[in-house]
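Have a look at the structure below before the remarks.
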Amino acid sequence: MPDVKPAQTHPDALIEIKDVHFAYDERPILRGLSLNVRKGEVLAVMGGSGSGKTTLLGLIGGRILPNKGKIMVDGQNVPKLDRSALYALRTRFGMLFQFGALFTDLSVYDNVAFPYREQTNLPESVIRDLVLLKLQAVGLRGAAGLMPSQLSGGMARRVALARAVALDPMLMLYDEPFTGLDPISTGIVGRLIRRLNDAFGLTSLVVTHDLDASLKIADRVIVLAEGKVYRDLTPEDVRTTSDAFVRQFADGLPDGPVPFHYPAPPLVDQLLGKSSAGEIAP
Amino acid sequence: MSSVIEMIEGLGRSVLSALARLGLAGRFFLAIMMVIGVPLRRFSLLVRELYFSGVRSILIIVVSGMFVGMVLAIQGYEVLQRFGSSETLGVLVALSLVRELGPVVTALLFAGRAGSAVTAEIGLMQATDQIAAMDMMAVNPIARIISPRFLASVVSMPLLACMFSAAGVFGAYLVGVKLIGIDDGSFWSQMQAGVDFRLDIVNGLIKSLVFGVAVGLIAVFEGYYAPPTAEGVSSATTRTVVTSSLAVLMLDFVLTVWMFRGLNG
């Protein structure tokens, strides 16, 4: 596969990732990934399952450490930060998890109030106003008294979004924000991602494999493959490119550069029980 | 020959992984101790866990204690009357309870009732990314979630053991005095004379404090490191009960040897 040239240093880059390697046990996930994320943009990170998309978010957030490479966020090398510096940096991050990750023992209101109560000394009356404003922004002020178990998937995602932007972060990380949502909720969450990004002057990294939803909101799309940035495209490029891998992804074709079959010995050999092909155990 | 080598390799692997897990638990315990001040400063965090682990265990502890006391009275009376000393029933029951049965049975019941719930709760929080979300919000989950639950177990255990023993003594009183008809006065006065505060009651409390640390640590550890799947959380819950029970019984032996070593020679 062709490889895009390593990202150059940009003065307006909020995140600069250089030559990052990462492996789970012996299995390499990222192999020399380099990437810049510019201030103010919505960047969609795409790629098949296991291509390292979620790993990338973990590395940027400092939840996992790379085997090699530099991850600079706002001028700080995340893997080298100690716990208090990392926590100081994380107060300026917002992260939306795949299914929202709301605290199930707290109400919607208390979930959104959580970051204020933990990270600020604001009086409860001010927190109340801030929480109501954030909930209003995602259209769920009326649901403040509900518990997370009473919310639909899309509502839970929106509450989590309100919680993630509570402290006015500089960077928003989204881990598969559209998974499991109906088309209406997908549209709502997508528009919110774009609107919050522009209204609050954020920078957003959206990890997803929902191509349609991300093309509507992203300024730039990168495709990960073989542990690197395989393509760096505008949404328009994605629609028109003839690249086989991107096309397979964009058109949802079952077979192509990404094979349908998990590596296996020939079927006939295995069915006939020939030599080493017959064993099912790994 | 090769099968023998394989067996030895397998044995070595399981010993190594058990040691690694023990080391992980040790480091986890240290991490908890580093932030144990948090639930003390933010008392509401501790109160919530004391309610869920401690207060809601009271019913099962008191009822179990009553029945254990009643059975002890019947069995004890049967043996004691052979030697004509049935009026010492009070001492027998009280010593059995405060020294052994109170701390041990309370810890076993607590592991099943509260420890398993703590493991399942933390395991599910882990599986649904709630702990990761908290960590990403720059709130230390060990301080905010783990340490209050651990501390609640340590605080609840001795209190529950006291309730267990008290309920047991009352159960024995009902059966021994009211039902069988042992003399009221000798039941209580023998007990008062035969139970030593330092040797019996304080030692029993120390035991249940140690059990509180063990059960609390096992419960939060198993939950925190549970694989984030339905199967992972369910087997972690089972492991909490099994490991806690074994740990309590083994620690009880060690503590008993240490506490009462000078008494027989």
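Below, chains carry the letters A, B, ... as their sequence lines are ordered, and counting in each starts from 1.
- Chain A is approached within less than 4.5 Å, heavy atom to heavy atom, by no residue from residues 150-168 of chain B.
- At a 4.5 Å heavy-atom cutoff, the contact between A:L102 and chain B is made by backbone atoms alone.
- Every ring pair (Phe, Tyr, Trp, His ring centres under 6.0 Å) that A:F103 has, sequence neighbours left out, goes to A:F114.
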Would you mind checking chain B against chain A for donor-acceptor pairs under 3.5 Å and listing them?
unit_1, atom_1, unit_2, atom_2, d
B:R42, NH1, A:E118, OE1, 3.0
B:R42, NH1, A:E118, OE2, 3.1
B:R42, NH2, A:E118, OE2, 3.1
B:R48, NH2, A:D105, OD2, 3.3
B:Q130, OE1, A:T104, N, 3.2
B:Q130, NE2, A:T104, OG1, 3.2
B:D135, O, A:R90, NH1, 2.9
B:D135, OD1, A:Y87, OH, 2.6
B:D135, OD1, A:R90, NH1, 3.1
B:D135, OD2, A:R63, NH1, 2.7
B:D135, OD2, A:R90, NH1, 3.2
B:M137, O, A:Q119, NE2, 2.7
B:A138, O, A:Q119, NE2, 3.1
B:N140, OD1, A:R83, NH2, 3.3
B:R144, NE, A:E118, OE2, 2.7
B:R144, NH2, A:E118, OE2, 3.4

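- Surrounding CZ of A:F200 are more than 12 heavy atoms belonging to other residues, nucleotides or ligands, all under 6.0 Å away.
- Residue pairs meeting the salt bridge (charged side-chain N to carboxylate O under 4.0 Å, His left out) criterion with at least one member in residues 241-250 of chain B: none, sequence neighbours excluded.
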